[in-house]
Number of protein chains: 2
Amino acid sequence: MTSPRPNPSAVIRGDALWSGIRDDLRARGLRWTPQRRTLVEVLSKTQGHVTGVQLVERCRAIDPETTPSTVYRTLDVLEDLGLIRHGHGADGREEFHVLPAAEHGHIYCHSCGGTWEIGHDQAASLLETLASEHRFTADLSHVTIAGRCAACLEAPPSA
Amino acid sequence: MTSPRPNPSAVIRGDALWSGIRDDLRARGLRWTPQRRTLVEVLSKTQGHVTGVQLVERCRAIDPETTPSTVYRTLDVLEDLGLIRHGHGADGREEFHVLPAAEHGHIYCHSCGGTWEIGHDQAASLLETLASEHRFTADLSHVTIAGRCAACLEAPPSA
DNA sequence: ATGTTTGCTGCAACCGCTTGCGTTAGGGCA
DNA sequence: TGCCCTAACGCAAGCGGTTGCAGCAAACAT
C-alpha cells in the first residue's frame, strides 16, 4: 500500500518466550508478517488480561494501519500455538490471557464491577467433581463467575 | 381487553407463575404492553435455555413486527423481576434460563460442542471456597465452563 | 370521554467480533 | 535473484446485542 512498512520501531523484545514464535510459525507453514510482529510485540509487553479492543488499540499505537480482523485472526493462531488463551468476561466479551501465567479463573461483582482472580487450588474441588462425575476436563481460565462481593452484599452501591 | 395490535392469538397460558406478571409490572410503575405480552407468552412455553436470537424468532412467529431491541430490553426487565436469568455460553453469547429451575451451571466441550448441566451440589465446594476465601457470593447460573469431555479426550473428533 | 404523565417502542446507528472475497506479499526453491 | 504457491491481509458486509432519541400509548385522574 504505502511505504515498505511504517513499522520502524518494531523492536521485538528479546524475551526467550517470544523470540521463537517466528520459527514456530514457519515450522507449521505459517508466516511471519509485520502485522503479526506488531501484535507479538504488544503481547510481550502485556501481562494479565486484555480485551480484544485493547489489543487493537495498542497495535494501532505502533502501526496505525492495524485492522481488527487481522488482530483477531492472529490471536486465534497464537492461541493455537499455546501462547495465549482467551476467555469471556462477565458481560460475554473476550478476554485474553498472556501466558505463561498460572491458570486462573475470575470472579466478577455485578454491583461494583470489581474482578478478582481465583487460583487453581481454589477451584480444585470443582474441577475434581467435574472430572469424576462427568469425566470432564475443565479449562478454568475460560471462565468468569459472576456474583456479588462481600462489600456490595452489605452495602449495595446504589442499586 | 383485546389490544389494537395485530396480536390476535396472544392467549396467555394461565400458568400461575406467569399470570401475575402484569400486576408485578404495574406494582412497580411499569407497563403491560402487547410486545411484553408476546415475549411472556413465548417464555411461558419455553423450558431450559434459549438464546436471544431464538427468543426474537419465536416472538416474530407470533408478532412479525417484533424488534430485537424491545425484546432485549424486556428481558432485562423480566430478569429484574426475577422471572428469568441470563448467562453466557462458551462463545460468550447470551443464554436465558427460564425460572423456576434449579440453579445450575453448564459445561461445554470445545471439541464436540456438547453441553451438560452441573448442579448446585457439584459446584458447592467451589461456591464455599469463594465464600470463605473471597467473601464472594457466586451466581452459578451465569457460568459456562469450557473444557473437554471424556470422549473427546480419548478420541478427538478430527482436530 | 379527555387530558397528562412518563414508560415503552421502533428506528437507526453503533459496538465487539466474525466472515467472505479479491489482492498482496512471505518464503521455499530453482 | 526471480518465480510461484498460497497464507495472510484489508475491506466491507454481517451477526448478536446495545443505545440515544423522538414519537407513541399505557395507566391513572378528572
Side-chain angles (χ1 to χ4, degrees), chain A residues 1-7 10 21-40 49-60 63-81 86-96, chain B residues 1-7 21-40 49-60 63-81 84 86-96:
Chain A
M1 286 285 176
T2 49
S3 62
R5 272 277 64 83
N7 200 2
I21 298 180
R22 177 192 149 123
D23 300 326
D24 283 4
L25 288 168
R26 288 208 187 145
R28 295 192 178 206
L30 305 178
R31 292 171 189 172
W32 183 238
T33 65
Q35 294 83 349
R36 288 184 176 180
R37 192 143 75 153
T38 304
L39 178 56
V40 166
H49 336 107
V50 235
T51 64
V53 226
Q54 286 175 322
L55 289 173
V56 172
E57 275 169 14
R58 294 183 195 177
C59 284
R60 277 213 240 258
D63 175 2
E65 310 274 276
T66 304
T67 44
S69 53
T70 300
V71 173
Y72 286 106
R73 276 191 280 230
T74 300
L75 286 167
D76 284 349
V77 172
L78 296 179
E79 188 160 14
D80 271 357
L81 294 187
H86 87 280
H88 296 279
D91 56 358
R93 289 187 191 165
E94 283 193 317
E95 226 167 57
F96 296 88
Chain B
M1 69 183 295
T2 36
S3 77
R5 286 267 58 79
N7 199 2
I21 297 181
R22 176 192 150 123
D23 299 326
D24 283 4
L25 287 168
R26 290 208 186 146
R28 294 192 177 208
L30 305 177
R31 292 175 188 169
W32 182 238
T33 66
Q35 295 83 348
R36 291 185 174 179
R37 190 143 79 153
T38 304
L39 179 56
V40 165
H49 334 107
V50 235
T51 64
V53 228
Q54 286 176 322
L55 288 174
V56 172
E57 276 169 13
R58 294 183 196 176
C59 283
R60 276 213 241 258
D63 175 2
E65 310 275 276
T66 304
T67 44
S69 52
T70 300
V71 173
Y72 287 106
R73 276 191 281 230
T74 301
L75 286 167
D76 284 348
V77 171
L78 295 179
E79 189 160 13
D80 271 356
L81 294 187
I84 57 173
H86 87 282
H88 298 278
D91 58 357
R93 289 189 191 164
E94 284 194 318
E95 226 167 56
F96 296 88

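All values below were derived from every heavy atom in this structure, side-chain atoms included, with hydrogens, water molecules and symmetry-related copies excluded. Below, chain A is the first sequence line, B the second, and so on; all start at residue 1.
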Evaluate the side-chain proximity of A/Val53 to A/Arg93: yes if any heavy-atom separation is below 4.5 Å, no if none is. no
Could you check how far CG of A/Leu78 sits from C1' of D/dA7, rounded to whole Å? 15 Å
On a heavy-atom basis, the closest approach of B/Glu95 and B/His49 is CG-CB, 4.1 Å
Close N/O contacts between protein and nucleotides 17-21 of chain D (under 3.5 Å):
{"from": "D/dG17", "atom 1": "OP1", "to": "B/Glu94", "atom 2": "N", "distance (Å)": "3.1"}
{"from": "D/dG17", "atom 1": "OP2", "to": "B/Val53", "atom 2": "N", "distance (Å)": "3.3"}
{"from": "D/dG17", "atom 1": "OP2", "to": "B/Tyr72", "atom 2": "OH", "distance (Å)": "2.3"}
{"from": "D/dG17", "atom 1": "O5'", "to": "B/Tyr72", "atom 2": "OH", "distance (Å)": "3.3"}
{"from": "D/dG20", "atom 1": "O6", "to": "B/Arg73", "atom 2": "NH1", "distance (Å)": "3.2"}

Nearest-angstrom distance from the residue atom NE2 of B/His88 to C1' of C/dG16: 13 Å
I want to check something: taking the side chain as every heavy atom from C-beta on, are A/Glu94 and A/His88 in contact at a cut-off of under 4.5 Å? yes
Please state whether the phosphate of C/dC11, meaning OP1 or OP2, lies under 4.0 angstrom from any side-chain nitrogen or oxygen of B/Thr67. no
4.5 Å side-chain heavy-atom contact, B/Arg36 and B/Val77: yes
Starting at atom CG of A/Leu75, determine the distance to atom P of D/dC9, rounded to an integer number of angstrom. 11 Å
Can you identify which nucleotide, out of D/dA27, C/dG26, C/dT9, has its nearest atom closest to the B/Thr70 side chain? C/dT9
What is the distance from CZ of B/Arg26 to P of D/dA26, rounded to the nearest Å? 10 Å
For B/Thr70, is there any backbone N or O sitting under 3.5 Å from a side-chain donor or acceptor partner on B/Gln35? no
Rounded to whole Å, CG of A/Leu39 lies from C1' of D/dC9 at a distance of 14 Å
I'd like to check A/Leu39 versus A/Leu78 (side-chain heavy atoms, cut-off strictly below 4.5 Å). Are they in contact? yes
Taking C-beta and beyond as the side chain, do A/Tyr72 and A/Leu55 meet within less than 4.5 Å on heavy atoms? no
Could you run through nucleotides 2-7 of chain C and give me one letter per nucleotide, 5' to 3': B if any protein heavy atom sits under 4.0 Å from the base, S if only the sugar-phosphate is that close, - if neither? ----BB
Rounded distance (Å) that lies between atom P of D/dC15 and atom CG of B/Asp91: 16 Å
Whole-Å gap separating P (C/dC8) and CZ (B/Arg28): 11 Å
Nearest heavy-atom neighbours spanning A/Thr66 and A/Arg60: O-NH1, 2.5 Å
Of all the heavy-atom pairs spanning B/Arg31 and B/Leu25, show the shortest one and how long it is. O-CD1, 3.7 Å
Rounded to the Å, how far apart are B/Glu65 CD and D/dC24 P? 16 Å
Strictly below 4.0 Å: does A/Gln35 bring a side-chain N or O up to OP1 or OP2 of D/dG10? yes
